[in-house]
Structures are given as structure tokens and as C-alpha cells.
Amino acid sequence: MDISVIVPLYNEEESLPELESWIARVMKENSFSYEIIFVNDGSTDNSWKVITSLQEKNPNVKGVCFRRNYGKSPALNVGFERAQGDVVITMDADLQDSPDEIPELYRMIKKEGYDLVSGWKQKRYDPLSKTIPTKLFNATARKVSGIPNLHDFNCGLKAYHHDVVKNIEVYGEMHRYIPYLAKNAGFARIGEKVVHHQARKYGKTKFGLNRFVNGYLDLLSLWFVSKFGGKPMHIFGFLGTIMFLIGMIAAIVVGTSKLWAMYHGDAYRLVTDSPYFYIALTMMILGSQFFLAGFIGELISRNAEGRNNYQIREEI
């Protein structure tokens, strides 16, 4: 099979027939063998009934229906598990992503050898309240992920080589960082294509401003896990050792100053009267806790089921 198109959706009953018809037309014009996997993320409207009726007319249509709303990342992950195409395309169901982009995305994966191609909605039809935070978010994501050529991490229109979707796990709200997940899994050929962005035709957006806050938190979590997930002792042990040494040196200075005063017969005060004693004690306690956290994290990491789950590209 040439192409799998995965469409996660939530309450998009109006747009589904038009989207399916559009995708089918593009596939027929380019003689692609294909499947369309609609993942209904717990919609409360008639989306599932529409998908069922579309499947009756077009056997290339497939559907997955969640019992409740889990989010876009779980919907994509389920779609990835079921995808059979050599190239996997993801797009939103609101008709803001154009299926006319599919042939070029397919070519970039098959002919140019990209592992992943992300769409870039260079000209957007969104309000400033959405576009400005998006620009800031993408600038941060480029810096942290080390993928400087991507301008729109959160674009729903992406193309993947089959191997990519079978070797990454999209969880929580990590759909924003699929290129980063792919890079961490060893798929380094990541490209970008300027795509046409259309104004929403039906309904309203399902995402609020809180997604930007969650996005930054997810980015921080992903960076930390990718950097230190397999070696927690390197960060916690290092910080703990530094804090403990600073505290111990401070305690030695406080104790030495008292002994020096006693030896020369000068007036001195109790060690416990000095604020530096409590600062030193706190630093030593925190240092010990950080070190123990790293040690426990290392034990968990070494005994995790997937500790040796390395991605193998080829065997002979």
C-alpha cells in the first residue's frame, strides 16, 4: 500500500464527507493505493455515524472510535499502530489542511529520502492571539530540540516513512514534538514543506490558550527525559555532589572560625548562632537527597522493561 492517511477528530461531522471526498479524488488522480484511518476521539456529535456511512461507500475508509475523549496524541498513536502504507500522512479533520499537498509530501519521502516531512503554514488564517504565541513556541522548540529547520512543529499535516511511525510512541500531548521524538529514535532526516493553510469552514477550534503552557511543560519534560532519562545519576548525582560539597565546605569554615577564635582567646559565639551553619546544613541535606534521587532513578532505569529496547535499522 502506498499511503495511509490518519485523521484524528473530535466533533467534526460537517467536514468529514468533504474531506474524505477530497482525499479520495487526490488518490485517484495520482493512482495511489491508500487507506484513510479516521480516529474518533470520543466525539459527542454524529461523527462516528458519518464515518460509518463513509466506510460503506468507500472500502478504503477505516475507523477507530474511542469511548471518551483522550486527546490528539493517543489518537495519532492508535492510528500509527494500524497504518499499513509505505508513507503515512497525518492531517486535521477541520479542512484547514489541504489533501492536495499529499503527492508532493509522498515524493519527498520516497524520492528525496526524508524520514519525516513537516508542513509549515507560512501564511496562517488565525488571529494574532494564536499566531504570536505560536511563533514564540516554535522558536523555543527549535532551540531545545536541535532541529533548526522546522518553523511549525505543531502543524497537523506531516508525512512519515513507515518505519518512523512504527518506532515512536506518541503519548500525553507529545504530538507537538513528533519530529523531536523521531530524532531521538534515530530518524535524523527531517524536512519541511510550505503548505497551504485554509480558514476553518465548519465549527470552531477545539484548542485553548492553555495548550501553549502545556506545550512548554511537555517540551521541558521531553528534553529532560531524552537528555537524562537513561542516566539520571548524571544530573541528580552531579547536583547532589556539588550541593553537598558546598555545604560541607561552609560547615568547615564555620567550625574552623570558632576554633581559631578559641585558640587565640578571642570572643566567639556558638556555631548554632551563625546563619551560615544552617545554610551549610540545608545544603548538605539537599545534596544528599539529590544524590539519593539519582541513585534510585538509576536503579529504576536499569531494571525498566525497555532499558535495552534499541532501534535497529538493519540486520544481516
Side-chain angles (χ1 to χ4, degrees), residues 4 6 8 70-83 86-90 105 108-109 112-120 134 137-193 211-238 294 297-315:
S4 295
I6 300 174
Y70 287 98
K72 189 173 182 178
S73 291
L76 286 174
N77 198 62
V78 166
F80 288 163
E81 290 175 350
R82 288 158 176 76
D86 294 334
V87 174
V88 178
I89 306 287
T90 60
L105 290 170
M108 293 178 73
I109 297 292
E112 297 187 23
Y114 285 105
D115 296 316
L116 185 156
V117 178
S118 182
W120 175 20
T134 296
F137 165 77
N138 283 309
T140 306
R142 283 195 298 272
K143 187 71 175 177
V144 174
S145 67
I147 310 176
N149 60 312
L150 292 192
H151 294 82
D152 192 356
F153 277 76
N154 201 31
C155 179
L157 185 57
K158 289 183 173 67
Y160 312 81
H161 190 280
H162 178 86
D163 291 344
V164 176
V165 302
K166 297 303 181 182
N167 287 283
I168 62 172
E169 180 184 4
V170 189
Y171 57 93
E173 294 186 20
M174 292 299 178
H175 59 273
R176 303 179 182 92
Y177 307 112
I178 290 180
Y180 196 6
L181 292 172
K183 178 188 174 186
N184 289 338
F187 299 98
R189 293 215 60 185
I190 299 174
E192 184 174 65
K193 180 186 182 302
R211 69 183 182 137
F212 294 108
V213 177
N214 294 337
Y216 277 109
L217 295 176
D218 288 336
L219 179 60
L220 180 63
S221 174
L222 185 56
W223 172 83
F224 188 87
V225 170
S226 65
K227 199 80 172 176
F228 304 107
K231 43 189 178 183
M233 195 63 170
H234 285 201
I235 179 65
F236 288 107
F238 174 75
E298 193 76 18
L299 290 177
I300 294 173
S301 175
R302 289 178 180 272
N303 289 279
E305 291 183 2
R307 63 190 180 279
N308 290 321
N309 185 23
Y310 306 118
Q311 307 300 332
I312 301 174
R313 181 174 181 176
E314 188 176 354
E315 290 188 33

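Predicted, not measured: the structure shown is a model, and the values here were computed from it.
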Counting distance only, does the side-chain N/O of Ser118 pair as donor-acceptor with the main-chain N or O of Glu192 below 3.5 Å?
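It does not hold such a pair.
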Is it the case that the side chain of Lys72 and the backbone of Arg176 share a donor-acceptor pair, with hydrogens and angles ignored and the cut-off at 3.5 Å?
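Absent.
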Which heavy atom in [X] sits nearest to a heavy atom in [Y], and how many Å separate them?
X: Leu116; Y: Ala182; result: CD1-CB, 4.1 Å
X: Ala75; Y: Pro8; result: CB-CB, 3.8 Å
X: His161; Y: Tyr114; result: CB-O, 4.4 Å
X: Arg82; Y: Lys166; result: N-NZ, 4.1 Å
X: Trp120; Y: Cys155; result: N-SG, 4.5 Å
X: Phe187; Y: Asn167; result: CE1-CB, 3.9 Å

Check side chain to side chain donor-acceptor pair (under 3.5 Å) between Ser73 and all other residues, then give those that pass, not counting sequence neighbours.
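Scan of Ser73 (side chain to side chain donor-acceptor pair (under 3.5 Å), adjacent residues dropped) gives His175.
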Does the side chain of [X] reach to within under 4.5 Å of the side chain of [Y], using non-hydrogen atoms?
X: Tyr70; Y: Val78; answer: no
X: Leu105; Y: Leu157; answer: yes
X: Leu150; Y: Asn138; answer: no

What's the separation between atom [atom1] in [X] and atom [atom2] in [Y], rounded to the nearest 0.5 Å?
X: Ile168; Y: Asp163; atom1: CD1; atom2: CG; value: 11.5 Å
X: Ser4; Y: His162; atom1: OG; atom2: NE2; value: 8.0 Å
X: Ile178; Y: Ile190; atom1: CD1; atom2: CD1; value: 11.0 Å
X: Leu76; Y: Glu169; atom1: CG; atom2: CD; value: 13.0 Å

Classify the ring geometry of Phe80 against Tyr160: parallel below 30°, tilted from 30° to 60°, perpendicular beyond 60°.
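Phe80 and Tyr160: perpendicular rings.
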Sequence neighbours excluded, which residues qualify as salt bridge (charged side-chain N to carboxylate O under 4.0 Å, His left out) partners of Lys183?
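Expected list: none.
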